[in-house]
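One-based numbering, in listed order, for ligands and for the atoms of each. Position 1 is the first residue of the sequence, and the numbers go up from there. No experiment lies behind these values; they were computed from the predicted model shown.
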Amino acid sequence: MDAPGYDFRSRLSGVQRAAGQSGIDAVLVTPGPDLRYLIGYDAVPLERLTCLVVPADGDPVLVVPGLEELAAQASPAGPLGLQILTWGETEDPCALVASVAAGARRVAVDDHMWAQKVLGLRAAMPGAEQVLAGPVIHPLRMRKDDAEIAALQAAGRAIDQVHAAVPEVLRAGRTEREVGRDIAEMIIAAGHRTVDFVIVASGPNGASPHHEISDRVIEHGDAVVVDIGGTMPSGYCSDSTRMYAVGEPPSQFLQWFGILLQAQRAAVEAVRPGLTCSQVDAVARDLLDAHGLADLFIHRTGHGIGLETHEEPYIVSGNELPLEPGMAFSIEPGFYARGLFGARIEDIVVCTDAGWQSMNHSTHELVVV
Ligand code: ZN
Ligand code: ZN
Ligand code: ZN
């Protein structure tokens with residue numbers, strides 16, 4: 001896993017600084033996006049404990065099972081010169097972590113740590129209070145640097161390529177499942193390492209935002225929501241929704257779709273530093289509301305994206321976090337009319353000094369196949 005340009009040293013020292021300011025003595029990070037962010041080690045979460053110990057003061061230490069030592073050294077964690085401590089099959093890894101973090105009164109555990117590990121570490125460190133590490137790690141992950149923005153751009157190009165090819169596989173008479181299978185292959189062919197989700201929601205199925213695929217046969221006149229995403233070899237994710245119609249969709253749909261296009265565009269164009277997440281949500285919501293569609297827009301406007309498809313910042317009413325350059329998130333308003341149809345348009349945008357930059361460039365118009 002090559003990760004040129006990622007400054008792991010400054011990420012680690014950023015976490016140490018934030019931990020110190022929060023009165024946290026050590027941050028414990030097991031395999032997952034936080035570990036990948038901090039040291040580039042893309043380890044699979046398994047029953048054997050792998051744990052990065054980042055003390056507020058002092059050098060970080062990576063604790064790994066003996067059989068994972070070479071894999072850890074081969075990852076970007078190796079060149080980083082991190083101390084790697086191993087444990088043997090019959091040893092207690094939680095006791096080893098406890099000895100590395102000896103004296104810690106307050107430890108932060110990563111938000112996705114398995115309960116089995118959380119409780120094991122609690123038992124091994126009875127004097128230490130456990131808190132979540134999200135508040136010290138996620139503010140860093142939320143602000144993407146240039147290398148991360150380049151990775152999101154590459155992910156955007158790859159998923160745009162898939163949307164451009166959807167008309168080749170979407171047609172009346174095929175099931176959502178058949179179309180979804182073809183799209184999944186195209187997601188990999190476009191350069192993703194994994195397919196994270198494929199939503200092909202035709203006709204009335206479009207009214208369920210998280211409908212994935214079914215055996216429903218796509219019919220003439222259906223509007224079809226295609227929301228797809230995957231993870232690139234860099235670890236960064238794509239996520240884009242476009243709307244298709246097989247022949248002529250209902251006129252009510254076309255009228256509402258025109259309003260949705262305006263709302264999505266307006267929310268994207270509103271993005272700039274200082275505007276709050278709540279305000280971005282309101283731009284899309286108010287426009288739909290002005291046309292009587294607010295009740296049909298049943299979810300938040302967007303979510304942050306990076307090493308995870310859904311991460312901070314959440315573009316939702318009540319989130320008063322101001323946007324800053326480097327924040328990356330989706331803008332994906334929709335409308336969902338039960339029993340009839342649904343629609344959503346989604347781009348990933350990055351907040352810049354001047355405003356915004358989109359990671360997606362495929363057409364936003366309804367694509368009629
Ligand atoms: Zn979702
Ligand atoms: Zn999304
Ligand atoms: Zn999506």
Side-chain angles (χ1 to χ4, degrees), residues 33 141-142 144 148 151-153 155-166 170 176 179-180 183-184 186-188 190 192 194-202 205-213 223-232 235-244 257 260-261 263-265 267-268 271 277 280-281 283-285 288 297-317 319 323 327-336 341-351 356-364 366-367:
R141 278 183 51 191
M142 207 160 36
K144 272 70 181 175
E148 293 179 284
L152 284 169
Q153 278 168 333
R157 276 194 298 275
I159 209 71
D160 284 354
Q161 199 180 315
V162 178
H163 271 300
V166 164
L170 181 65
E176 292 175 355
V179 174
I183 291 175
M186 298 192 302
I187 290 174
I188 296 297
H192 295 87
T194 58
V195 177
D196 296 336
F197 54 91
V198 175
I199 294 176
V200 178
S202 63
N205 288 342
S208 169
H210 274 174
H211 171 86
E212 292 211 345
I213 48 172
V224 185
V225 182
V226 177
D227 183 356
I228 50 180
T231 302
M232 298 291 282
Y236 287 80
C237 301
S238 65
D239 183 4
S240 175
T241 310
R242 292 293 184 259
M243 288 303 305
Y244 300 83
F257 182 77
L260 179 64
L261 258 178
Q264 200 267 349
R265 184 87 204 155
V268 168
V271 170
C277 294
V280 176
D281 181 83
V283 171
R285 206 165 297 280
L288 288 165
F297 178 24
I298 55 175
H299 56 72
R300 63 190 177 209
T301 292
H303 54 83
I305 188 167
L307 291 168
E308 289 176 278
T309 308
H310 287 191
E311 58 180 51
E312 294 174 53
Y314 293 99
I315 309 301
V316 62
S317 175
N319 183 0
L323 296 180
M327 288 183 179
F329 46 87
S330 69
I331 299 283
E332 50 176 310
F335 61 79
Y336 306 91
F341 45 67
R344 181 163 65 256
I345 304 170
E346 175 180 27
D347 289 314
I348 303 304
V349 300
V350 174
C351 181
W356 56 277
Q357 184 188 6
S358 183
M359 304 294 105
N360 300 106
H361 305 285
S362 60
T363 180
H364 295 71
L366 184 68
V367 176

Q) N/O/S atom of E332 under 2.8 Å from the Zn ion (ligand 2), yes or no? A) yes
Q. Do any N/O/S atoms of H310 come under 2.8 Å of the Zn ion (ligand 2)?
A. no
With carbon and hydrogen excluded and only N/O/S kept, which atom of [X] is nearest the Zn ion (ligand 3)?
{"X": "D239", "value": "OD1"}
{"X": "E346", "value": "OE1"}
{"X": "D227", "value": "OD1"}

Q | E308 with R141: basic N within carboxylate O range, under 4.0 Å | A | yes
Q. Would you call E311-K144 a salt bridge at under 4.0 Å N-O?
A. yes
Q: Would you please indicate if the ring centroids of Y336 and H299 are separated by under 6.0 Å?
A: yes
Q | Residue among T363, N360, I159, L366 satisfying side chain to side chain contact (heavy atoms under 4.5 Å, CB included) with R242 | A | N360
Q.
Less than 6.0 angstrom from the centroid, inside 45 degrees of the normal: does R285 satisfy that with respect to the ring of F297?
A. yes
